[in-house]
Asks: 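After the structure tokens below, expect a handful of questions from me.
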Amino acid sequence: MISTTPCNPQDLTVAVLLGGTSTEREVSLDSGAAAAKALRGEGFKVIEIDPATSPVVEQLLYAGPDVVFFALHGKDGEDGSMQGVCEMMGIPYTGSGVLGSALAMDKVRAKRVYEAEGLRTPDMVVLHAHDAYDIADLQASIGTKCAVKPAQAGSAFGISITETPDELQHAIETAFEHDSSVLVERCVEGTEVTIAVLGNDEIEALPVIEIVPQGESTFYDYDAKYQVGGAQHIIPARIDDGLTTECQSIALAAHRVLGCRGVSRSDLIIDNDDTCWLLETNTIPGLTETSLLPDAASKAGIPFPTLCRMLVELALEPKA
């Protein structure tokens, strides 16, 4: 288990940021409530702050926390903006900094960083609002089966898997409802896995989780992520030791190249030739009862309250 510098919870006030105004508000409320309960159980004084209710700066000034615990998902929470507020106010906070958060949130820029660092990621074409595009050209360039994603959205909002020209056209229009930039990515089929990473300068990959959507979900969409029984989490993943080590190495590399701190979780696909493809990296993984990070931590011998405490302790470590 990765080591952290112990703190005295009784001496610390933690402000849990939750809710917010993004499309992931409901998930964030669940994550924040779970984290707040766990931190109180560890002995911290906890204040829950929802930026949607009143200006977050005013709430932080009034609360005077020693550390901020981020449970905000999506825009205005996971994209570096709130991290910048904490930086300006001089308050330590959990997770990645402004740049790491912003890079990871933007799927297009994250993929370009991956490519520059030699990390294998599926080919993409980037579309911008009001730009002309041709569906036939897109399918000729990317392939018949495509994954269409808003550049900046989480929890699989606006994501579609398409095979026909009509499906692709509709998926692009749907994705543009969520963002002004959209990526059309080659859809790699195979085993979907995810790997969480903990740490700042010293980092460690948690066990690899294999994700198997259940019911009507054909990929790890919103329902598969957050409905109880929406997906099966198989830990450890049903892959051999060599692939396990490779997946963990890729997740560690993604954490480093994006400049992540505290925690991240990278999603990969292993194709039928046992080639690993890096899809994206999340800097504020979910903390709900169906979330992946708590499952991976539990398998590694880290109970959920201990995980939340570790994130606070990592936040309090001096930055190099």
Side-chain angles (χ1 to χ4, degrees), residues 1-20 24-51 59-60 63-74 77-78 82-83 86 91-97 100-101 154-155 194-200 202-207 209 225-226 233 235 255 260-265 282-317 319:
M1 184 189 301
I2 191 168
S3 61
T4 57
T5 303
C7 65
N8 186 352
Q10 287 74 25
D11 294 337
L12 296 174
T13 297
V14 180
V16 175
L17 293 192
L18 75 171
E24 299 174 71
R25 173 177 173 78
E26 295 305 316
V27 176
S28 174
L29 288 170
D30 289 344
S31 285
K37 180 180 178 180
L39 290 167
R40 288 189 180 104
E42 288 290 293
F44 294 96
K45 179 183 178 182
V46 177
I47 299 168
E48 296 174 42
I49 291 178
D50 184 348
Q59 295 191 69
L60 288 171
D66 298 291
V67 61
V68 166
F69 189 105
F70 271 98
L72 291 172
H73 303 310
E78 202 165 355
M82 287 294 177
Q83 288 78 5
C86 291
I91 306 172
Y93 55 91
T94 60
S96 298
S101 298
S155 293
T194 191
I195 308 94
V197 172
L198 291 176
N200 293 329
E202 173 195 352
I203 58 176
E204 178 180 318
L206 296 182
I209 299 180
K225 287 174 183 284
Y226 299 117
H233 301 171
I235 318 172
H255 185 96
C260 297
R261 286 179 60 84
V263 63
S264 70
R265 201 200 75 233
N282 303 278
T283 54
I284 305 181
L287 297 171
T288 71
E289 62 179 291
T290 61
S291 295
L292 295 155
L293 172 61
D295 279 358
S298 178
K299 187 65 176 181
I302 307 172
F304 184 65
T306 303
L307 172 66
C308 292
R309 177 173 176 155
M310 289 176 66
L311 294 178
V312 169
E313 291 172 345
L314 288 166
L316 294 170
E317 287 184 358
K319 295 180 181 179

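The shown structure was predicted, so the numbers you read here are calculated from the model rather than taken from an experiment.
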Asks: Less than 4.5 Å apart, side chain to side chain, heavy atoms only: is that true for Leu314 and Val263?
Replies: no
Asks: If I take atom CZ from residue Phe70 and atom OG1 from residue Thr283, how far apart are they, to the nearest 0.5 angstrom?
Replies: 9.5 Å
Asks: Write down the atom of Leu72, the atom of Ile284, and the distance for their closest heavy-atom approach.
Replies: O-CD1, 3.2 Å
Asks: For a side chain to side chain contact (heavy atoms under 4.5 Å, CB included) check, start with the C-alpha distance between Asp30 and Leu287, then their side-chain angles and the critical distance, and finish with the verdict.
Replies: CA-CA 7 Å; Asp30 289 344; Leu287 297 171; over 6 Å; no
Asks: Nearest 0.5 Å, what's the OG-CG distance between Ser3 and Leu198?
Replies: 11.5 Å
Asks: Identify the two heavy atoms, one from Thr4 and one from Met310, that lie closest to each other, and give their separation to 0.1 Å.
Replies: CG2-O, 4.1 Å
Asks: What closest approach, in Å, do Leu29 and Gly19 show between heavy atoms, and which atom pair accounts for it?
Replies: CD2-CA, 3.6 Å
Asks: Measure the CZ-CG distance between Phe44 and Asn8 for me, rounded to the nearest 0.5 Å.
Replies: 8.5 Å
Asks: Between Leu12 and Cys7, is the side chain to side chain contact (heavy atoms under 4.5 Å, CB included) condition met? List the steps.
Replies: CA-CA 8 Å; Leu12 296 174; Cys7 65; 3.8 Å; yes
Asks: How close do Ile195 and Ala205 get, heavy atom to heavy atom, and via which atoms?
Replies: CG2-CB, 4.0 Å
Asks: Any chance you could lay out the salt bridge (charged side-chain N to carboxylate O under 4.0 Å, His left out) test for Lys45 and Asp66, step after step, and finish with the verdict?
Replies: CA-CA 10 Å; Lys45 179 183 178 182; Asp66 298 291; over 6 Å; no
Asks: Can a donor-acceptor pair be found, under 3.5 Å and without considering hydrogens, that links the side chain of Arg309 to the backbone of Ala38?
Replies: no
Asks: Kindly give the heavy-atom pair with the smallest separation between His255 and Ser264, and that separation in Å.
Replies: ND1-OG, 2.8 Å
Asks: Would you say the side chain of Leu316 lies within less than 4.5 Å of the side chain of Thr5, judging by non-hydrogen atoms?
Replies: no
Asks: Between Gly286 and Leu293, what is the shortest heavy-atom contact and its length?
Replies: O-CB, 4.1 Å
Asks: Determine whether Arg25 and Asp50 satisfy the following criterion, side chain to side chain contact (heavy atoms under 4.5 Å, CB included), listing intermediate values before the conclusion.
Replies: CA-CA 10 Å; Arg25 173 177 173 78; Asp50 184 348; 2.8 Å; yes
Asks: Once you round to the nearest 0.5 Å, how far does CD of Glu42 lie from NZ of Lys37?
Replies: 13.0 Å
Asks: Got a second to check how far Glu317's CD is from Asn200's CG, nearest 0.5 Å?
Replies: 5.0 Å
Asks: Could you give me the CA-CA distance, side-chain angles and deciding distance for His73 and Ser31, then say whether side chain to side chain contact (heavy atoms under 4.5 Å, CB included) is met?
Replies: CA-CA 9 Å; His73 303 310; Ser31 285; 3.0 Å; yes
Asks: What is the distance from atom OG of Ser96 to atom CD of Glu78, rounded to the nearest 0.5 Å?
Replies: 9.0 Å
